[in-house]
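Only this structure's heavy atoms are used, side chains among them; waters, hydrogens and symmetry mates stay out. None of these values were measured; they are calculated from a predicted model.
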Amino acid sequence: MTGYNAYARANTIVDEEDKGRLLIKVFQAILAKLDLVKQYIEQKEYEKKYEELSKVITAIEVLNSSLDMSYGEIPHNLSLVYEYLMRRLREVHRSLDANPVSECRKILSGISDGFIAAYESERKRSLSGNSAQNSSPQRTSRV
């Protein structure tokens with residue numbers, strides 16, 4: 001299954017409201033897997049390192065292929081970052097160096113923090129907008 005097909009399938013499963021939360025969970029899972037990769041390198045468990053690293057790269061490919069480029073410069077720049085991350089992580093497949101893993105984790109953590117802040121801000125804005133729409137002024141009858 002290609003990255004885009006996986007994302008398109010997820011689109012049919014997830015409600016509009018949950019997409020932000022799903023994205024946050026994806027980032028959390030990627031960060032946890034990067035921690036595992038680093039641990040497996042230290043423990044010299046290279047087969048497990050390879051498996052987890054492959055999952056991380058696939059997840060980043062899905063994120064990259066799901067970007068909506070119609071939004072201009074931001075998704076384009078994010079795509080360049082994702083491509084860089086995938087390239088660096090593929091280098092880890094060939095080496096036993098955990099430094100690129102730490103570098104990629106730091107970059108992804110920053111992106112994740114940004115998405116979390118944007119999600120929370122949008123959620124607060126949405127909730128305050130809904131409460132303003134739902135509260136209509138009470139009419140008082142004059143007798």
Side-chain angles (χ1 to χ4, degrees), residues 1-140:
M1 178 183 300
T2 66
Y4 178 76
N5 289 339
Y7 179 76
R9 183 172 175 272
N11 258 348
T12 62
I13 297 171
V14 180
D15 292 339
E16 286 293 322
E17 290 180 33
D18 293 334
K19 286 182 183 178
R21 196 170 326 140
L22 177 64
L23 183 60
I24 291 167
K25 287 181 181 183
V26 167
F27 275 109
Q28 290 170 340
I30 290 172
L31 293 171
K33 289 201 176 293
L34 285 173
D35 291 340
L36 279 175
V37 168
K38 193 170 180 182
Q39 178 183 339
Y40 290 147
I41 290 171
E42 292 167 0
Q43 296 172 350
K44 299 182 182 187
E45 296 187 49
Y46 304 126
E47 188 173 322
K48 289 180 180 179
K49 171 207 80 148
Y50 182 85
E51 290 172 13
E52 295 303 320
L53 194 55
S54 295
K55 292 175 187 176
V56 168
I57 292 169
T58 299
I60 295 171
E61 286 172 343
V62 170
L63 290 173
N64 191 33
S65 65
S66 68
L67 292 171
D68 185 348
M69 295 301 180
S70 69
Y71 285 99
E73 191 175 329
I74 292 174
H76 175 73
N77 290 340
L78 191 54
S79 179
L80 293 174
V81 172
Y82 286 155
E83 288 172 14
Y84 172 79
L85 293 169
M86 289 184 288
R87 188 171 51 253
R88 290 292 285 154
L89 292 172
R90 285 185 184 109
E91 292 171 10
V92 177
H93 272 313
R94 294 183 298 272
S95 73
L96 303 176
D97 186 7
N99 289 330
V101 176
S102 297
E103 173 194 1
C104 292
R105 190 190 190 294
K106 183 177 179 181
I107 292 168
L108 281 165
S109 182
I111 295 169
S112 175
D113 290 347
F115 275 118
I116 290 170
Y119 175 76
E120 290 173 354
S121 174
E122 182 61 26
R123 189 163 165 83
K124 286 177 186 175
R125 189 181 69 76
S126 176
L127 289 174
S128 67
N130 286 341
S131 64
Q133 289 175 357
N134 291 338
S135 63
S136 57
Q138 292 182 347
R139 295 183 185 178
T140 56

Okay, side chain of [X], backbone of [Y]: is any donor-acceptor separation there less than 3.5 Å?
X	Y	answer
Lys49	Val92	yes
Ser112	Leu108	no
Ser128	Lys124	yes

(request) Quickly, which of Leu63, Leu85, Ile57 forms a side chain to side chain contact (heavy atoms under 4.5 Å, CB included) with Ile30? Name it, please. (result)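 Per the side chain to side chain contact (heavy atoms under 4.5 Å, CB included) rule, the option paired with Ile30 is Leu63, out of Leu63, Leu85, Ile57.
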List, one per line, each side-chain donor-acceptor pair under 3.5 Å for residues 72-80, sequence neighbours excluded.
from	atom 1	to	atom 2	distance (Å)
Asn77	ND2	Glu73	O	3.4
Ser79	OG	Asn64	OD1	2.7
Ser79	OG	Glu83	OE2	3.4

(message) Looking at every heavy atom in both Arg105 and Leu34, which two are closest together, and how far apart are they?
(response)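 Looking at all heavy atoms of both residues, the shortest contact is CA-CD1, 3.7 Å.
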Interatomic distance, [X] atom [atom1] to [Y] atom [atom2] [nearest 0.5 angstrom]:
X	Y	atom1	atom2	result
Tyr84	Leu89	OH	CG	9.5 Å
Ile60	Tyr82	CD1	OH	8.0 Å
Thr58	Lys33	OG1	NZ	11.0 Å
Tyr40	Glu47	OH	CD	11.0 Å
Asp97	Ile41	CG	CD1	7.5 Å
Leu31	Gln28	CG	CD	8.0 Å

(request) Please report the C-alpha distance between Tyr46 and Glu51 in whole Å, then the side-chain angles of each, then the deciding distance to 0.1 Å, and finally whether the side-chain hydrogen bond (donor to acceptor under 3.5 Å, both in side chains) criterion is met. (result) CA-CA 9 Å; Tyr46 304 126; Glu51 290 172 13; over 6 Å; no
Would you indicate whether the side-chain heavy atoms of [Y] and [X] approach each other to under 4.5 Å?
X	Y	value
Arg21	Leu23	no
Val101	Arg88	no
Lys55	Glu52	yes

(message) Is there a salt bridge (charged side-chain N to carboxylate O under 4.0 Å, His left out) between Arg125 and Glu122? Walk through the geometry before answering.
(response) CA-CA 5 Å; Arg125 189 181 69 76; Glu122 182 61 26; 2.5 Å; yes
(message) Run the side-chain contact (heavy atoms from CB on, under 4.5 Å) test on Phe27 and Ile116 for me, step by step, so that the C-alpha distance in whole Å, both residues' side-chain angles and the decisive distance to 0.1 Å come before the verdict.
(response) CA-CA 10 Å; Phe27 275 109; Ile116 290 170; over 6 Å; no
(message) My understanding is that only residues two or more places apart in sequence, or in another chain, count here; which of them pass side chain to side chain donor-acceptor pair (under 3.5 Å) with Glu42?
(response)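 Partners of Glu42 by the side chain to side chain donor-acceptor pair (under 3.5 Å) criterion come out as none, since no residue qualifies.
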